Amino acid sequence: MGHGQFRLTADERAAWERDGFFVRENVFSGVENKRLNTVAEEVVAGNRAFPAQHIDRNALVRDGVEQRSGIYGMHKIHFPSCFLPEFLQRVRDPRLTDPMVDLLGPDILGINSLYLWKAPQIGLGFPWHQDMFYFRQRWVTETTVGTWTAVDAADRGNGCLYVIPGSHRLPVAEHEDLAGSQQAEFKQVRAARDEDGVALEVAPGSVIWFHSHLLHKSTDNHSGRFRRSYVAHYLSAQAEWASPEGVAAGSPVMWVRGATLPGKVTEIHHGVLDA
């Protein structure tokens, strides 16, 4: 599978500039996504080495609110691409990264990844937010780009993503604290209106690429189905550190493709999986 064959189409470029996101269907097969889920479940079962601090249970189960038998209690594993070669391979897959060349340039780093379960009946959503609110504390860049891969079908019933098209042209908004447990991972843009949101209902194997200023959220899963997904964020290697403290703090930075540049953001492994 060579680099270059999955570059942006003209329609995708237009959607990116107009809406701040675009969607591709049938990017990954069911077999490919099942393999990622199998690896993630091996982590949960303790059969794959993985740092315990990056394994998060569903807050309702963890905090004793939900105590029904048979309820699946996982929320996410954080930074799987740093510790699991199968996830690292996915982050570097040209089906995800070829479009990044058109969006960010040829030199690309990986800055964050997470595998989410959003379990049946209790999977929790997240409020309206912009990723750049968090990323700007560490990097100076015009935008990062997120990718959201559907492992299962995602729809209104099981907690799909919602976006506000065109909101990527807005500055980073004020984000306020939100009451709750799992949801407290994110602050909330209270100025965002639900009526402006568009549900992104996608089939398994679909991928959403989105701008870091794009207002987006997801809702709770009240269905009897999983809404598993894999999220990976990318940064241009032309970016700079926001502060000297940012070099040592926060999540690992991993090479994805192209070059790393002197005086710019470079890899920081923090003792994780080698490139």
Side-chain angles (χ1 to χ4, degrees), residues 1-9 11-13 15-16 21-44 48 50 74-104 108-120 123 131 144-155 157-163 199-211 214 216 218 221 223 225-235 254-257 273 275:
M1 189 183 301
H3 289 302
Q5 69 185 97
F6 305 106
R7 300 282 292 272
L8 288 188
T9 66
D11 286 346
E12 288 169 341
R13 169 61 74 180
W16 178 263
F21 72 95
F22 64 91
V23 182
R24 285 184 181 176
E25 299 179 342
N26 301 313
V27 177
F28 296 102
S29 70
V31 171
E32 289 175 305
N33 279 340
K34 184 178 180 179
R35 178 56 182 152
L36 284 191
N37 189 65
T38 297
V39 173
E41 293 289 354
E42 289 172 350
V43 169
V44 174
R48 291 288 291 265
F50 200 86
M74 281 303 301
H75 169 49
K76 76 170 187 297
I77 53 175
H78 210 167
F79 311 129
S81 62
C82 297
F83 303 97
L84 304 165
E86 296 88 350
F87 281 86
L88 177 60
Q89 181 181 13
R90 176 64 69 90
V91 163
R92 292 175 174 166
D93 193 297
R95 287 171 287 181
L96 290 183
T97 66
D98 273 359
M100 296 297 167
V101 173
D102 297 305
L103 299 173
L104 295 175
I108 300 168
L109 303 168
I111 55 173
N112 190 34
S113 68
L114 55 154
Y115 186 84
L116 290 155
W117 274 268
K118 191 168 278 197
D131 292 336
T144 62
V145 178
T147 61
W148 191 96
T149 300
V151 174
D152 304 295
D155 52 50
N158 67 354
C160 67
L161 289 184
Y162 288 73
V163 301
L200 298 185
E201 297 187 297
V202 295
S206 300
V207 178
I208 304 166
W209 283 258
F210 56 98
H211 192 287
L214 184 72
H216 60 289
S218 71
N221 181 7
S223 78
R225 297 170 288 127
F226 277 100
R227 197 233 62 184
R228 290 166 289 209
S229 59
Y230 183 48
V231 181
H233 292 271
Y234 298 87
L235 174 75
M254 303 190 74
W255 175 85
V256 169
R257 63 188 284 178
L273 191 68

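Given the structure is predicted, the values throughout are model-derived calculations rather than measurements. The analysis underlying the following values was restricted to heavy atoms, covering all of them including side chains, and did not include hydrogens, waters or symmetry mates.
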With a 4.5 Å limit on heavy-atom distance, are the side chains of [X] and [Y] in contact?
| X | Y | answer |
| --- | --- | --- |
| F210 | V145 | no |
| L96 | V207 | yes |
| K76 | V231 | no |
| R7 | V101 | yes |
| Y234 | I111 | no |
| H216 | F21 | no |
| N221 | F226 | no |
| L200 | Y162 | no |

Provide the closest heavy-atom pair for [X] versus [Y] in the form atom of the first, atom of the second, distance.
| X | Y | answer |
| --- | --- | --- |
| R227 | A153 | CG-O, 4.2 Å |
| P94 | P99 | O-CD, 4.0 Å |
| A203 | A150 | O-CB, 3.6 Å |
| P85 | R48 | CD-NH2, 3.9 Å |
| A232 | V91 | CB-CG2, 4.1 Å |

Would you compute the distance between atom [atom1] of [X] and atom [atom2] of [Y] and round it to the nearest 0.5 angstrom?
| X | Y | atom1 | atom2 | answer |
| --- | --- | --- | --- | --- |
| T144 | L109 | OG1 | CG | 12.0 Å |
| E201 | N158 | CD | CG | 9.0 Å |
| R92 | R257 | CZ | CZ | 12.0 Å |
| T97 | L104 | OG1 | CG | 11.0 Å |
| W148 | L161 | CH2 | CG | 5.0 Å |
| S113 | M254 | OG | CE | 8.0 Å |

Please assess N33 against R90 for the test side chain to side chain donor-acceptor pair (under 3.5 Å), listing each intermediate value before the final yes or no.
-> CA-CA 10 Å; N33 279 340; R90 176 64 69 90; 3.1 Å; yes
List in chain and number order the residues that pass salt bridge (Lys or Arg N to Asp or Glu O under 4.0 Å) with D155, two or more places apart in sequence or in another chain; answer none if no residue qualifies.
-> R225
Criterion side chain to side chain contact (heavy atoms under 4.5 Å, CB included) on H211 and D131, from CA distance to verdict | CA-CA 8 Å; H211 192 287; D131 292 336; over 6 Å; no
For the rings on F87 and F79, is their centre-to-centre separation under 6.0 Å?
-> no
Proximity of W117 and H75 rings by center, below 6.0 Å = no
Please determine if R13 forms a cation-pi arrangement with F22, meaning its NZ or CZ atom is less than 6.0 Å from the six-membered ring centre and no more than 45° off the ring axis.
-> no
Taking D98 for its side chain and G4 for its backbone only, find out whether a donor-acceptor pair lies under 3.5 Å.
-> yes
Determine, stepwise, if the pair W209 / M100 fulfils side chain to side chain contact (heavy atoms under 4.5 Å, CB included).
-> CA-CA 9 Å; W209 283 258; M100 296 297 167; 3.5 Å; yes
Taking everything shown except E41 itself, do over 12 heavy atoms lie less than 6.0 Å from its CD?
-> yes
Going through the checks in order, is the side chain to side chain contact (heavy atoms under 4.5 Å, CB included) test met by T38 and E86?
-> CA-CA 10 Å; T38 297; E86 296 88 350; over 6 Å; no
Does the pair F50 and C82 meet the rule for a side chain to side chain contact (heavy atoms under 4.5 Å, CB included), with working shown?
-> CA-CA 10 Å; F50 200 86; C82 297; over 6 Å; no
Charged N to carboxylate O under 4.0 angstrom, E32 versus R95?
-> yes
Applying side chain to side chain donor-acceptor pair (under 3.5 Å), name anything that partners S218, two or more places apart in sequence or on another chain.
-> K118
